[in-house]
2 protein chains.
Amino acid sequence: MSFKHELFAQFARVGKALSNANRLELLEFLAQGERSVEQLSKVAGLTVANTSQHLQQLRHAGMVSCRKEGLKVYYRVSGDDVIDLLGALRAVAERHVTDVQHLVATYLTVKDDLEPIPREELLERVRDGLVTVLDVRPPEEYAAGHVPGAVNIPLGELEQRLEELGNPENENREIVAYCRGPHCVLAFDAVARLRERGMKARRLEDGYPEWRTAGLPVETT
Amino acid sequence: MSFKHELFAQFARVGKALSNANRLELLEFLAQGERSVEQLSKVAGLTVANTSQHLQQLRHAGMVSCRKEGLKVYYRVSGDDVIDLLGALRAVAERHVTDVQHLVATYLTVKDDLEPIPREELLERVRDGLVTVLDVRPPEEYAAGHVPGAVNIPLGELEQRLEELGNPENENREIVAYCRGPHCVLAFDAVARLRERGMKARRLEDGYPEWRTAGLPVETT
DNA sequence: ATAGTATTCAAGCGATTAGTAGAATACTGA
DNA sequence: TCAGTATTCTACTAATCGCTTGAATACTAT
């Protein structure tokens with residue numbers, strides 16, 4: 001009978017790792033690919049020491065692994081099952097925590113208007129050459145892996161680099177934007193801006209990590 | 001940008017619900033079906049007040065719902081996505097927390113010897129009438145739902161009621177036992193005992209909640 | 001060696017959490 | 001109405017958690 005108790009205690013250790021907003025944010029960044037402690041601390045707005053401590057908690061919970069290269073230590077999620085877990089967590093929060101629905105409704109009012117496109121559908125259209133895929137994440141994240149054929153224009157440079165997207169002969173070609181995940185605001189923003197310019201733009205239903213773990217093809221460099 | 005932070009804070013609320021061993025145990029029982037506060041407190045070995053408090057935390061995280069009937073309040077998981085989340089948590093713990101592997105190896109040394117059978121395979125064999133399915137959970141849980149055609153013999157009564165399983169004309173008929181979930185010891189025990197008697201017994205890979213949420217047929221009463 | 005950099009460790013604080021115990025609430029049946 | 005029962009609420013304590021600060025470690029380049 002103590003076996004059972006021990007087992008639940010170990011499961012709870014993984015649960016604990018998920019019980020803090022900053023750790024979840026770190027995990028989401030790690031889901032994009034390998035990152036150093038310093039990068040992570042910047043992006044999450046935490047001190048380096050604090051970030052390091054969170055990362056070690058995640059490591060004890062078996063959710064991330066690390067590798068040392070020279071001075072730097074690079075962390076990564078330790079398997080696709082971790083990304084699945086994050087997805088399941090998100091799903092429950094979205095469906096059952098009314099505050100999340102409220103938040104999403106408040107900040108992403110245009111959510112339904114953006115007509116998100118499912119992964120499989122996008123893949124088909126890419127194969128048929130019907131769409132231009134736009135990756136609005138920072139170049140480092142794009143370099144670590146992206147949807148095949150996607151054009152990388154970080155959100156901040158979108159306005160200046162519009163011509164990279166447009167095909168003069170076919171100005172109504174559809175653009176599908178994606179970013180880090182289903183709640184990342186980058187893609188929402190991009191679609192809104194493109195539409196302001198009269199372009200036909202939609203959003204991928206989720207982000208790059210989900211694309212990759214779904215076993216769909218990816219491209220690097 | 002505060003949107004993002006708020007969102008992670010809400011996800012963390014769900015994570016917090018998963019961060020305590022007792023709450024996870026309560027959730028596992030709830031995954032079997034509806035239960036009153038008193039039942040839950042008994043089975044988890046907690047005081048009623050404490051159980052009630054845990055349940056309310058789970059409710060605020062949107063993981064359980066409740067319904068009042070007369071004096072009693074019945075709790076239940078608020079959707080199949082919650083069961084998926086528990087499964088994902090278990091999967092990560094099993095694959096990455098070495099202590100879990102150690103625990104399982106120590107207490108369930110026979111795990112591999114029991115040749116667990118996957119859900120789909122069992123369903124086929126049941127259809128072909130090749131196996132006898134044995135549900136070793138308590139009668140209340142059996143009544144709330146079980147694998148079609150399964151015989152219910154709680155573990156404690158197994159030795160006395162062996163004849164309900166055996167077919168005199170075909171003593172080598174295979175028996176597949178299942179219980180609450182992949183780490184519940186009931187089915188392990190049952191298989192071990194049946195094998196001691198020279199019977200051909202195996203274990204279902206996971207338990208009843210997983211069977212049900214996989215969309216496989218269930219039977220009640 | 002030495003200086004510089006990335007990360008981890010250790011100690012300490014305020015805030016949060018798990019649990020207990022006892023009172024309060026809500027409902028049922030006599 | 002009143003007694004009995006299931007659940008929830010309200011303090012309260014001990015333990016844990018998140019974060020900060022400053023020192024320690026590990027590695028690189030000069």
Side-chain angles (χ1 to χ4, degrees), chain A residues 4-6 8-30 34-61 63-76 99 140, chain B residues 4-6 8-30 34-61 63-76 78 140:
Chain A
K4 210 167 157 187
H5 223 262
E6 272 298 309
F8 280 117
Q10 296 305 326
F11 291 165
R13 182 184 292 188
V14 180
K16 274 209 184 78
L18 303 172
S19 72
N20 177 275
N22 286 329
R23 272 197 298 273
L24 289 176
E25 188 164 0
L26 291 172
L27 271 176
E28 187 180 70
F29 279 105
L30 287 171
E34 233 181 28
R35 292 281 183 286
S36 72
V37 179
E38 200 186 9
Q39 284 179 299
L40 288 164
S41 76
K42 275 209 185 88
V43 90
L46 303 173
T47 65
V48 175
N50 191 8
T51 306
S52 172
Q53 285 172 161
H54 279 308
L55 288 169
Q56 271 162 81
Q57 282 191 56
L58 290 172
R59 203 158 60 92
H60 279 111
M63 305 189 72
V64 306
S65 323
C66 60
R67 139 186 104 76
K68 186 158 195 174
E69 190 182 303
L71 274 181
K72 300 194 175 179
V73 178
Y74 292 93
Y75 281 83
R76 63 179 177 282
D99 290 1
E140 312 88 72
Chain B
K4 210 165 156 185
H5 225 263
E6 272 298 309
F8 280 117
Q10 296 305 326
F11 292 165
R13 184 185 290 189
V14 179
K16 274 206 184 80
L18 302 172
S19 71
N20 176 277
N22 286 330
R23 272 198 295 275
L24 288 176
E25 187 165 0
L26 290 173
L27 270 177
E28 187 179 70
F29 279 104
L30 286 172
E34 232 182 26
R35 293 280 183 284
S36 72
V37 178
E38 198 186 9
Q39 283 180 300
L40 288 164
S41 76
K42 275 209 184 88
V43 89
L46 304 172
T47 65
V48 176
N50 193 6
T51 305
S52 172
Q53 286 172 159
H54 279 308
L55 288 169
Q56 271 161 83
Q57 282 191 58
L58 290 172
R59 204 157 60 92
H60 279 110
M63 306 190 71
V64 306
S65 324
C66 60
R67 136 186 106 77
K68 188 158 194 174
E69 188 180 305
L71 274 180
K72 301 194 174 178
V73 178
Y74 291 94
Y75 281 83
R76 63 181 177 282
S78 51
E140 311 88 70

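Residue numbers start from 1 in every chain, and the chains themselves are labelled A, B, ... in the order their sequence lines are given, proteins ahead of strands.
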(request) Go through residues 15-25 of chain B and report each residue with a non-hydrogen atom lying under 4.0 Å from DNA chain D, sorted by number. (result) none

(message) Does A:Ser36 reach a base, just sugar-phosphate, or nothing at all? Heavy atoms under 4.0 Å.
(response) sugar-phosphate

(request) Search all heavy atoms of B:Glu69 against all heavy atoms of B:Tyr74 and return the closest pair with its distance. (result) CB-CE1, 4.0 Å

(request) Find the distance B:Leu55:CG to D:dC9:P and express it as a whole number of Å. (result) 12 Å

(message) For a quick test of reading the model, state the closest non-hydrogen atom pair linking A:His54 to A:Leu46 and the distance between them.
(response) CD2-CD1, 4.1 Å

(request) Taking all non-hydrogen atoms of both residues into account, name the closest pair between A:Cys66 and A:Arg76 and its distance. (result) C-NH1, 4.0 Å

(message) Expressed as a whole number of angstroms, how long is the span from A:Arg67:CZ to D:dA26:C1'?
(response) 17 Å

(message) Show the nearest heavy-atom pair for residues B:Ala12 and A:Asn20, with the distance to one decimal.
(response) CB-C, 3.8 Å

(message) One thing to verify: whether A:Glu34 and A:Arg67 come together as a salt bridge, which I'm taking to mean a side-chain N less than 4.0 angstrom from a carboxylate O.
(response) yes

(message) Is the phosphate of D:dC17 approached by A:Gln57 (side-chain N or O, under 4.0 Å from OP1 or OP2)?
(response) no

(request) Could you tell me whether A:Gln53 contacts a base, only the sugar-phosphate backbone, or nothing, with contacts defined as non-hydrogen atoms closer than 4.0 Å? (result) base

(request) Taking B:Ser36 for its side chain and B:Lys72 for its backbone only, find out whether a donor-acceptor pair lies under 3.5 Å. (result) no

(request) Nearest whole angstrom, please: distance from the P of D:dG18 to the CG of A:Leu26. (result) 12 Å

(request) For A:Lys68 and for A:Ala49, locate the closest nucleotide of DNA chain D by heavy-atom distance; then report the residue assigned to the nucleotide nearer the 5' terminus. (result) A:Ala49

(request) Would you grab the first and last nucleotide of DNA chain C (5' to 3') that comes under 4.0 Å of any non-hydrogen atom in chain A? (result) C:dT5 to C:dA10

(request) Look at the side chain of B:Leu71 and decide which nucleotide, out of D:dC9, D:dT7, D:dG4, has an atom nearest to it. (result) D:dG4

(message) Ignoring hydrogens, what is the shortest heavy-atom contact between A:Thr51 and A:Val37? Give both atom names and the distance.
(response) CG2-O, 4.0 Å

(request) Would you classify A:Tyr75 as touching base, sugar-phosphate or nothing, given that sugar-phosphate means primed atoms plus P, OP1 and OP2, and contacts are heavy atoms under 4.0 Å? (result) sugar-phosphate

(request) Give a yes/no on whether any side-chain N or O of A:His54 is located under 4.0 angstrom from OP1 or OP2 of D:dC19. (result) yes

(request) With side chain to side chain contact (heavy atoms under 4.5 Å, CB included) as the test, would you mind laying out the steps for A:Arg23 and A:Leu18 before giving the verdict? (result) CA-CA 7 Å; A:Arg23 272 197 298 273; A:Leu18 303 172; over 6 Å; no

(request) Could you say whether A:Gly70 or B:Asn50 is positioned toward the 5' end of DNA chain D, judged by the nucleotide with the nearest heavy atom to each? (result) B:Asn50

(message) From CG of B:Leu40 over to C1' of D:dT7, roughly how many Å is that when rounded to an integer?
(response) 12 Å

(request) Grab the two heavy atoms, one from B:Leu30 and one from B:Tyr75, that are nearest each other, plus how far apart they are. (result) CD2-O, 3.3 Å

